[in-house]
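Note sheet for the following structure.
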Amino acid sequence: MNLLITTLLITTALSVLLALVSFWLPQMNPDVEKLSPYECGFDPLGSARLPFSLRFFLIAILFLLFDLEIALLLPLPWGMQLMSPSYTFMWASSVVVLLTLGLIYEWIQGGLEWAE
């Protein structure tokens, strides 16, 4: 118990010390050049508050969803070494089927159409 309290005290003190050093150490001298938006060396041509394409957002969300599928299926080779690999295969297949049904639904609804 004493070791746990000591460890928590040291980590808390170190975190507070590093936060204070990072707050007080940098020299902040803002000027016009530092505060201006940077667009590849050019002066900004328009407002940065342009409307964002909802279709692009939906495609990005679908990409993240199917990228997450890969992360969910990565432990599958290790799961095959369990006592009942069929149980692991059933869960992996259910994830793939669920995502495939979601993809078919998006396709039918026209969510994957980039141009109208």
Side-chain angles (χ1 to χ4, degrees):
M1 186 71 176
N2 196 13
L3 180 64
L4 179 66
I5 292 174
T6 305
T7 305
L8 286 175
L9 207 92
I10 289 173
T11 56
T12 304
L14 187 61
S15 299
V16 169
L17 178 71
L18 289 174
L20 288 175
V21 166
S22 70
F23 182 71
W24 291 107
L25 192 61
Q27 298 176 358
M28 302 224 187
N29 299 322
D31 59 357
V32 178
E33 290 294 323
K34 286 185 180 179
L35 295 177
S36 67
Y38 180 73
E39 293 184 12
C40 300
F42 297 104
D43 290 331
L45 301 175
S47 173
R49 303 283 183 222
L50 295 175
F52 191 70
S53 171
L54 188 60
R55 292 201 182 271
F56 179 76
F57 178 73
L58 287 175
I59 296 291
I61 292 295
L62 283 173
F63 172 76
L64 287 175
L65 180 70
F66 284 100
D67 194 40
L68 181 64
E69 171 201 358
I70 294 170
L72 288 173
L73 294 178
L74 273 177
L76 189 61
W78 290 279
M80 288 297 182
Q81 298 173 3
L82 295 174
M83 294 298 247
S84 64
S86 60
Y87 190 66
T88 305
F89 182 72
M90 181 195 68
W91 279 108
S93 298
S94 65
V95 167
V96 171
V97 166
L98 183 68
L99 287 173
T100 304
L101 289 175
L103 179 65
I104 292 170
Y105 177 76
E106 284 291 325
W107 198 329
I108 291 172
Q109 294 296 321
L112 299 176
E113 306 270 336
W114 189 259
E116 294 184 25

Review point. Looking only at heavy atoms, which two atoms of Thr6 and Asn2 are closest? And how far apart?
Key: OG1-O, 2.7 Å
Study note, to complete from the structure: Trp107 meets the side chain to side chain contact (heavy atoms under 4.5 Å, CB included) criterion, sequence neighbours left out, with Leu112
Check your understanding: Linking Ile, Leu, Val, Met, Phe, Trp and Tyr through side-chain heavy atoms less than 4.5 Å apart, which residues share a cluster with Ile104?
Key -> Ile108
Point to revise | Other ILVMFWY residues reachable from Phe23 by side-chain steps of under 4.5 Å | key: Val16, Leu20, Trp24
Scan the side chains in residues 82-91 for donor-acceptor partners under 3.5 Å anywhere in the protein, sequence neighbours excluded, and list what turns up.
from	atom 1	to	atom 2	distance (Å)
Tyr87	OH	Trp91	NE1	3.2
Thr88	OG1	Gly79	O	3.3

Exercise for review: Look at the side chain of Thr11 and the backbone N and O of Leu8, then say whether any donor-acceptor pair between them is shorter than 3.5 Å.
Suggested key: yes
Exercise for review: Among Ile, Leu, Val, Met, Phe, Trp and Tyr joined by side-chain contacts under 4.5 Å, find the other residues sharing a cluster with Leu14 and list them by chain and number.
Suggested key: Leu18
Revision key, fill the gap. Separation between OG (Ser22) and CG (Leu17), nearest 0.5 Å, reads 9.5 Å
Point to revise | Remaining members of the apolar cluster that contains Tyr105, side-chain heavy atoms under 4.5 Å | key: none
**Study point:** Single hit among Leu65, Leu62, Leu68 for side chain to side chain contact (heavy atoms under 4.5 Å, CB included) with Leu99
**Key:** Leu65
Practice item. Could you tell me the separation between the CG atom of Leu9 and the CG atom of Leu4, rounded to the nearest 0.5 Å? Key: 11.0 Å
Revision key, fill the gap. Side chain to side chain contact (heavy atoms under 4.5 Å, CB included) filter on Leu64, not counting sequence neighbours, yields none
Revision key, fill the gap. Taken in chain and number order and not counting sequence neighbours, the residues that satisfy side chain to side chain contact (heavy atoms under 4.5 Å, CB included) with Ala60 are none
Point to revise | Residues in side chain to side chain contact (heavy atoms under 4.5 Å, CB included) contact with Leu98, at least two apart in sequence or another chain | key: none
